[in-house]
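My questions all concern the structure below.
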Number of protein chains: 2
Amino acid sequence: MTGARDEARRNRERIVEVARVVVREQGTQASLRDIARRAEVGLGTLYRHFPSRDALLETLMRRRVDHLTARAAALTAEKDAAAALTTWLLEFSYGAGTYRGLPESLLATLADQTSPLHAAVEPLRDATARLLAAAQAANAIRADLTADELFALVTAVGWIAEQTPTLDNHRERLLALILDGLTRPPRR
Amino acid sequence: MTGARDEARRNRERIVEVARVVVREQGTQASLRDIARRAEVGLGTLYRHFPSRDALLETLMRRRVDHLTARAAALTAEKDAAAALTTWLLEFSYGAGTYRGLPESLLATLADQTSPLHAAVEPLRDATARLLAAAQAANAIRADLTADELFALVTAVGWIAEQTPTLDNHRERLLALILDGLTRPPRR
DNA sequence: ACCTGAACACCGTTCAAGT
DNA sequence: ACCTGAACACCGTTCAAGT
């Protein structure tokens, strides 16, 4: 006796499952029609479950956001605040690059309270802010750097990596270049 | 006795003129249909003159590219290589942000030899490389920084400014943050 | 030669009709 | 309640028909 609620749940799950594949293939601007088609679901059904593209992206990102916030919490407990921040920034930059177009969506949505994706981005920005504050308290990072600036810069690293797929260690290198500036060198 | 050639020329000019307005309004992803409509020209005429979106963008950017390369030439003659590079990076970052979406188009097209926009980007990348080399020769910038890395980073500054229109001095600030890392501080 | 706009194959989004 | 897919208003791109 599978009720309508069960079918609705299964539909939702299938949409999400298919969306992971299609968005991985086509990026965040993937065709919603295509997702509905490949999930063998009416287009209206997709819209019922996910009233906007950002709502779908938010669901796709939830796992990763949860994982990243957990990582951030663990890193906050680290003794070496500078190393913790560096590790975090690198992991976040990889996470922000999960899908083509994602860095743009994340940065754009940060300023847009109304977007469902905003709920996914905020904890990441907040985690960045906490780790930054700790590193600043340890005098490891210039004190005038704001969390929004750092967040934008590390998101941009993901954006560059996406636009320039020639090398894949771009992220480490670019982040190191930026940090060498942002990190206050020990007195010498 | 205005011949067909004259009309073709006038059509082309009107398309470019209208495209400047529409692309300024809607960004590099502006509707080509809309441009043709507002230029009071058949859609096929637009395609005849500009077989691809990048071909149109290249025409829109030509003036600015010429102006920027002239600036770069002048700056190369400056004594203070570090100051010249900084000035260049800031001016380029503003130029790259002429239209919404342009930083993305520019960085993407750098690796795509086939794009008509490539011809517009290459002189800018080359100018960046020359000014970088001069600054490196003066020991003002870390020697292991490549022109492509610097080009990507400064383009990313334009990208961030576009995604985060809250502040408008973003460019100066972000560039300073990055340079403070890239610029080797005087021995102290 | 050059121009036009219909034609084709796609979108995102809404919503009346079905179960 | 939930699902479907036609309907609407858009795209980019091509190309037969016109001058």
Side-chain angles (χ1 to χ4, degrees), chain A residues 1-19 21-23 25-60 99-101 104-105 108-109 112 114-117, chain B residues 1-19 21-23 25-60 99-101 104-105 108-109 112 114-117:
Chain A
M1 51 171 233
T2 67
R5 286 204 325 278
D6 285 329
E7 203 200 334
R9 188 176 44 73
R10 279 198 314 273
N11 276 340
R12 195 181 190 283
E13 281 167 8
R14 206 162 55 247
I15 291 169
V16 172
E17 205 177 325
V18 169
V21 176
V22 178
V23 172
E25 285 173 10
Q26 308 180 9
T28 57
Q29 294 310 308
S31 161
L32 300 179
R33 250 196 165 77
D34 201 20
I35 292 170
R37 216 154 29 209
R38 286 162 68 166
E40 288 173 319
V41 140
L43 194 43
T45 304
L46 188 149
Y47 271 90
R48 161 177 290 271
H49 287 292
F50 304 101
S52 74
R53 162 173 254 112
D54 278 4
L56 180 55
L57 286 178
E58 193 271 334
T59 301
L60 294 188
Y99 304 115
R100 210 165 359 112
E104 182 155 350
S105 299
T109 213
D112 178 13
T114 71
S115 165
L117 203 54
Chain B
M1 49 170 236
T2 67
R5 287 204 323 280
D6 285 330
E7 203 200 334
R9 188 176 43 73
R10 278 199 313 274
N11 276 340
R12 194 181 189 284
E13 281 167 8
R14 205 161 55 247
I15 290 168
V16 171
E17 203 177 327
V18 168
V21 176
V22 178
V23 172
E25 286 173 9
Q26 308 180 11
T28 57
Q29 295 310 309
S31 161
L32 299 178
R33 250 195 167 80
D34 201 22
I35 293 170
R37 216 154 29 208
R38 285 162 69 167
E40 287 172 320
V41 141
L43 194 42
T45 304
L46 188 149
Y47 272 89
R48 161 176 289 272
H49 288 290
F50 304 100
S52 72
R53 163 173 254 113
D54 277 4
L56 180 55
L57 286 178
E58 194 272 332
T59 302
L60 294 189
Y99 303 115
R100 211 164 358 113
E104 181 156 351
S105 299
T109 212
D112 178 15
T114 72
S115 165
L117 203 53

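Within every chain, numbering begins at 1; the chains are lettered A, B, ... in the order of the sequence lines, protein sequences first and strands thereafter.
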Once you round to the nearest 0.5 Å, how far does CG of A:D54 lie from CG of A:D112?
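The CG atom of A:D112 is 7.5 Å from CG of A:D54, to the nearest 0.5 Å.
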
Test log, rule side chain to side chain contact (heavy atoms under 4.5 Å, CB included), inputs A:I35 and A:L56
CA-CA 11 Å; A:I35 292 170; A:L56 180 55; 4.1 Å; yes

Between residues 44-59 of chain B and DNA chain D, which residues have a heavy-atom gap below 4.0 Å?
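Heavy-atom contacts with DNA chain D come from B:G44, B:Y47, B:R53.
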
Mind listing the residues from residues 32-43 of chain A sitting with a heavy atom below 4.0 Å of DNA chain D? Number order is fine.
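When residues 32-43 of chain A is checked for heavy atoms under 4.0 Å from DNA chain D, the hits, listed by number, are A:R33, A:V41, A:G42, A:L43.
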
Step by step, work out the side chain to side chain contact (heavy atoms under 4.5 Å, CB included) result for B:R9 and B:R12.
CA-CA 5 Å; B:R9 188 176 43 73; B:R12 194 181 189 284; 5.7 Å; no

Check the pair B:T45, B:N11 against side chain to side chain donor-acceptor pair (under 3.5 Å), reporting the backbone distance first and the verdict last.
CA-CA 8 Å; B:T45 304; B:N11 276 340; 5.2 Å; no

Value in whole Å for how far the P atom of C:dA1 lies from CG of B:N11:
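These atoms are roughly 18 Å apart.
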
For A:V21 and A:V18, what are the C-alpha separation, side-chain angles and deciding distance, and is it a side chain to side chain contact (heavy atoms under 4.5 Å, CB included)?
CA-CA 5 Å; A:V21 176; A:V18 169; 5.6 Å; no

Using every non-hydrogen atom in the two residues, find where A:S105 and A:T28 come nearest and quote the distance to one decimal.
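Taking A:S105 first and A:T28 second, the nearest heavy atoms are OG-OG1, 3.8 Å.
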
Stems where DNA chain C pairs, listed by first number, each of three or more Watson-Crick or G-U pairs under 3.5 Å:
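Stem segments, range with range: C:4-8 with D:12-16, C:12-16 with D:4-8.
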
Can you tell me how far C1' of D:dC3 sits from CZ of A:R9, to the nearest Å?
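Spelled out: CZ on A:R9 to C1' on D:dC3 is 17 Å.
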
Closest approach of B:S52 to B:P116 (non-hydrogen atoms, all atoms of both residues)
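Smallest interatomic distance, heavy atoms only, reads OG-CG, 3.8 Å.
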
Phosphate OP1/OP2 of C:dC10 contacted by A:S31 side-chain N/O (<4.0 Å)
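No, no such contact exists.
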
Quick one: closest heavy-atom pair of A:L32 and A:L46, and the distance?
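Result for this residue pair: O-CD1, 3.7 Å.
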
For A:Q29 and A:R100, run side chain to side chain contact (heavy atoms under 4.5 Å, CB included): C-alpha distance rounded to whole Å, both residues' side-chain angles, the deciding distance at 0.1 Å, then the answer.
CA-CA 8 Å; A:Q29 294 310 308; A:R100 210 165 359 112; over 6 Å; no

Exceeds 12 heavy-atom contacts within 6.0 angstrom, atom CD of A:E25
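Yes, because the 6.0 Å sphere around CD of A:E25 holds more than 12 heavy atoms from other groups.
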
